[in-house]
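Let me begin by presenting the structure, written as structure tokens, before commenting on it.
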Amino acid sequence: QVQIVESGGGLVHPGGSLRLSCAASGFSLDYYAIGWFRQAPGKEREGVSCIGSSDGNTYYADSVKGRFTISRDNAKNTVYLQMNSLKPEDTAVYYCARSRFSVCALLSSGGMDYWGKGTLVTVSS
């Protein structure tokens, strides 16, 4: 049974850091790209980052480049999103999702087939 569980969200001050975890079960990260998405209040869900499996490439939305880092630990079947220099506009529910593919192409919702329930990140003073 495929399961994806996000954790690590919480309340942080602007400029602070959080590390999100995406724990996968029922499949191996050896074969699937994993993406992080977020949905802020009143906004559409947007792609944040992605890490491939077959090529190991990473992708970042322009809004988070230089601040967020995606990584994977295949032994733990877990993907991480290290978020630094957080801004209030980063406030959102963050979702981890399995890609239909092994490489990161378009970071779109339609390219993902399994989703976690999300973890809330609130950046506020």
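By the criterion of side-chain heavy atoms lying less than 4.5 angstrom apart, applied directly or through intervening Ile, Leu, Val, Met, Phe, Trp or Tyr residues, Ile70 is grouped together with Tyr32 in one hydrophobic cluster. Following chains of ILVMFWY side-chain contacts shorter than 4.5 Å, one can reach Tyr94 starting from Tyr114, so the two form part of one hydrophobic cluster. Note: the hydrophobic cluster containing Ile51 also contains Leu18 (ILVMFWY, side chain heavy atoms under 4.5 Å, direct or indirect links). Taken together through direct or relayed side-chain contacts under 4.5 Å among Ile, Leu, Val, Met, Phe, Trp and Tyr, Val123 and Leu120 form parts of separate hydrophobic clusters. Connection of Ile34 to Tyr31 is established within a shared hydrophobic cluster, with ILVMFWY side chains joined at heavy-atom distances below 4.5 Å, either directly or through further cluster members.
Aromatic ring centroids of Trp115 and Phe37 lie under 6.0 Å apart. Aromatic rings of Tyr60 and Phe68 (six-membered ring for Trp) have centroids beyond the 6.0 Å cut-off, not under it.
No option in Val64, Val93, Leu20 other than Val64 meets the side chain to side chain contact (heavy atoms under 4.5 Å, CB included) test with Arg38.
At distances below 3.5 Å, not a single donor-acceptor pair connects side-chain atoms of Asn77 with backbone N or O atoms of Ala23. Side chain of Thr122 to backbone of Leu11: no donor-acceptor contact under 3.5 angstrom is found. Using modelled atom types, one side-chain atom of Ser53 and one backbone atom of Ser102 make a donor-acceptor pair closer than 3.5 Å. Formation of a donor-acceptor pair under 3.5 Å by the Gln39 side chain with backbone atoms of Glu46 is not found in this model. Between the side chain of Arg45 and the backbone N or O of Ala40 there is no donor-acceptor pair closer than 3.5 Å. Formation of a donor-acceptor pair under 3.5 Å by the Arg72 side chain with backbone atoms of Leu29 is found in this model. Ser49 places a side-chain N or O within 3.5 Å of a backbone atom of Tyr59 that can act as its donor or acceptor partner. In this structure, the side chain of Thr91 does not engage the main chain of Glu89 through any donor-acceptor pair within 3.5 Å.
Note that CG of Asp90 is 7.0 Å distant from OG of Ser63, once rounded to the nearest 0.5 Å. The CZ atom of Arg67 sits 7.0 Å away from atom OG of Ser85, with the distance rounded to the nearest 0.5 Å. Rounding to the nearest 0.5 Å gives a distance of 12.5 Å between CD of Gln3 and CZ of Arg98.
Contact annotation: the side chain of Cys22 approaches that of Trp36 to within less than 4.5 Å [non-hydrogen atoms, C-beta and beyond]. Inter-residue side-chain proximity for Ser124 and Pro88 is flagged as unmet; no heavy-atom pair is nearer than 4.5 Å. In this structure, the side chains of Ser7 and Thr119 stay at 4.5 Å or more apart for every pair of heavy atoms. Between Gln82 and Ser17 the shortest side-chain heavy-atom distance falls below 4.5 Å.
Scanning both residues, Gly52 and Ala33, for their nearest heavy atoms gives CA-CB, 3.9 Å.
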Can you list the steps and then say if Ile4 with Cys96 is a side-chain contact (heavy atoms from CB on, under 4.5 Å)?
CA-CA 7 Å; Ile4 296 172; Cys96 183; 3.9 Å; yes
What verdict does the side-chain contact (heavy atoms from CB on, under 4.5 Å) test give for Val121 and Met83, after you've listed the backbone C-alpha separation in whole Å, the side-chain angles of each residue and the deciding distance to 0.1 Å?
CA-CA 10 Å; Val121 173; Met83 306 186 297; 3.8 Å; yes
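Ion pairing of Asp62 with Lys65 is present here, as a side-chain N (NZ or NE/NH1/NH2) and a carboxylate O approach within less than 4.0 Å.
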